[in-house]
2 protein chains.
Amino acid sequence: MNLARTAKLVAQAFDSAMVEAGGTLPVWVTLLSVKSKELANQRELAGMIGIQGATLTHHLNAMEAQGLLTRRRDPQNRRVHQVALTEAGEALFEKLRLAAVAFDKRLRAGLPDERLAEFAEVLAALRANVGG
Amino acid sequence: MNLARTAKLVAQAFDSAMVEAGGTLPVWVTLLSVKSKELANQRELAGMIGIQGATLTHHLNAMEAQGLLTRRRDPQNRRVHQVALTEAGEALFEKLRLAAVAFDKRLRAGLPDERLAEFAEVLAALRANVGG
DNA sequence: CATGAAGCATTTGACATCTAACTATTAGAT
DNA sequence: ATCTAATAGTTAGATGTCAAATGCTTCATG
């Protein structure tokens, strides 16, 4: 259970860093996923983030209400919502990005790339072992 | 974010295993913490599990209602609740313990002890780096 | 010993997440 | 062409979690 404990502590610390920068962890991952594929649909975004569609709907509602992004129907397939950032969304993304980079540096301190690579391999093996 | 993703997948898989065995992940960790120090108070239990006292209260309420454990005031210090398992709690603990052992074996498959030890060291370093 | 500070647990209110059920739309089979 | 399947998203209801406020109980200090 040290995996769970560590992930929780890291996530909490990361969320704190995001709050200081004017966002939250879920807002950051949502912005990041939208940026990494503009006009993606919600199914793809949720998959990228690793949450369910219903959860994403929840966050998009809040972020749309805050004016961070827009949703519009794809005229080619009216079941689909295309999500795009507003200017405010872009601005927040940039602020959070800087905070995320700083956090990442702090998190990796003292850990050489080889150790992190081996660490990532074990993480992948664990995912494979539970069928993820 | 592979750490978060992996921890989430592993936790979900573990919870599934616990549900099959008649419990849940939080029920398991609560039973385990009570067993590992019978008559512990809730503050200690929460610390062992890595959750807040309020969250533990929540689970203990449910588990007490299910007849898995009892809470009584410590006569020496009436602020404290001493938590102990009932027979039903002991029985469920044993069932979940077997499922947890099986899950652990599945999770570690193909990963030699040295790699797991190195993995645990990196986890510890990450906790230290975020000040946990 | 009286009063104020500290400790333990609970309550309250909020958020993130999930599953299941539902609506709307599209694609496919015959 | 129509009816059935599948797909995209939302809604509703539940769980697990946290932070802050509250209520007892104990301790310490004058």
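All values derive from a computational prediction rather than experimental measurement. All values below were derived from every heavy atom in this structure, side-chain atoms included, with hydrogens, water molecules and symmetry-related copies excluded. Each chain gets a letter, A, B and so on, in the order its sequence line appears, and its residues count up from 1.
Pairing of dC22(C), defined by two Watson-Crick or G-U wobble distances under 3.5 Å, is identified with dG9(D). Base-pair partner of dA1(D): dT30(C) (Watson-Crick or G-U wobble, both distances under 3.5 Å).
In the set dT11(C), dA19(D), dG9(D), dT11(C) carries the atom at the smallest distance from any side-chain atom of N61(B). In the set dA20(D), dA16(C), dC8(C), dA20(D) carries the atom at the smallest distance from any side-chain atom of A54(B). For R43(A), whose side chain is taken as the heavy atoms from C-beta onward, the closest listed nucleotide among dT25(C), dA8(D), dA16(C) is dA8(D). Between dG9(D), dC8(C), dT17(C), one nucleotide has an atom nearer to the side chain of Q42(A) than all others, and that is dG9(D). Nearest to the side chain of R71(A), among dT26(C), dC8(C), dT10(D), sits dT10(D). Candidate nucleotides dT10(D), dA9(C), dG7(C) were compared by shortest atom distance to the side chain of R79(B), and dG7(C) ranks first.
Taking the nucleotide of DNA chain C with the nearest heavy atom to each of P26(A) and Q76(A), the more 5' of the two is matched to P26(A). Projected onto DNA chain C by closest heavy-atom contact, V80(B) and P75(A) fall at different nucleotides, the more 5' of which corresponds to V80(B). Heavy-atom distances to DNA chain D give each of L60(A) and Q12(A) a nearest nucleotide, and the one nearer the 5′ end belongs to L60(A).
Aromatic ring pairs are classed by plane angle as parallel below 30°, tilted from 30° to 60° and perpendicular above 60°; the pair W28(B) and F93(B) is parallel. Ring geometry for F119(A) versus F119(B): interplanar angle under 30°, hence parallel rather than tilted (30 to 60°).
Side-chain N/O atoms of H58(B) include none lying less than 4.0 angstrom from OP1 or OP2 on dT11(C). OP1 or OP2 of dC18(D) sits under 4.0 Å from a side-chain N or O of K8(A). Contact annotation: H59(A) side-chain N/O to dT17(C) OP1/OP2 distance is under 4.0 Å. Distances shown here put every side-chain N or O of T57(A) at or beyond 4.0 Å from the OP1 or OP2 atom of dG9(D). Between T55(B) and dC18(D), a side-chain N or O to OP1/OP2 separation shorter than 4.0 Å is present.
If you take CG of L56(A) and C1' of dT10(D), they are 12 Å apart, rounded to a whole angstrom. Atoms CD (Q52(B)) and P (dA14(C)) sit 19 Å apart, rounded to a whole Å. The separation between N77(A) atom CG and dA6(D) atom C1' is 12 Å, rounded to whole Å. Regarding R78(A), its CZ atom lies at a distance of 9 Å from the C1' atom of dA24(C), rounded to whole Å. Between D15(B) atom CG and dT17(C) atom P there is a gap of 16 Å when expressed in whole angstrom units.
Checking L25(A), T24(A), L9(A), V29(A) one by one against F14(A), the side chain to side chain contact (heavy atoms under 4.5 Å, CB included) holds for a single residue, L25(A).
For dA5(D), the base adopts the syn conformation, since its glycosidic angle falls within 90 degrees of zero.
No side-chain N or O of H81(A) forms a donor-acceptor pair with one of R72(A) less than 3.5 Å apart.
Taken together through direct or relayed side-chain contacts under 4.5 Å among Ile, Leu, Val, Met, Phe, Trp and Tyr, M48(B) and V80(B) form parts of separate hydrophobic clusters.
Of the residues in residues 91-104 of chain A, none lies under 4.0 Å from DNA chain C by heavy-atom distance.
In this structure a side-chain-to-backbone donor-acceptor pair under 3.5 Å is missing from R127(B) to T6(A).
Residue R73(A) is classed as having no contact, given no heavy-atom separation below 4.0 Å to the nucleic acid.
For the atom pair CD1 of I49(B) and NE2 of H59(B), the computed distance is 7.5 Å after rounding to the nearest 0.5 Å.
Residues D74(B) and N41(B) are not in side-chain contact: their nearest non-hydrogen atoms beyond the backbone lie 4.5 Å or more apart.
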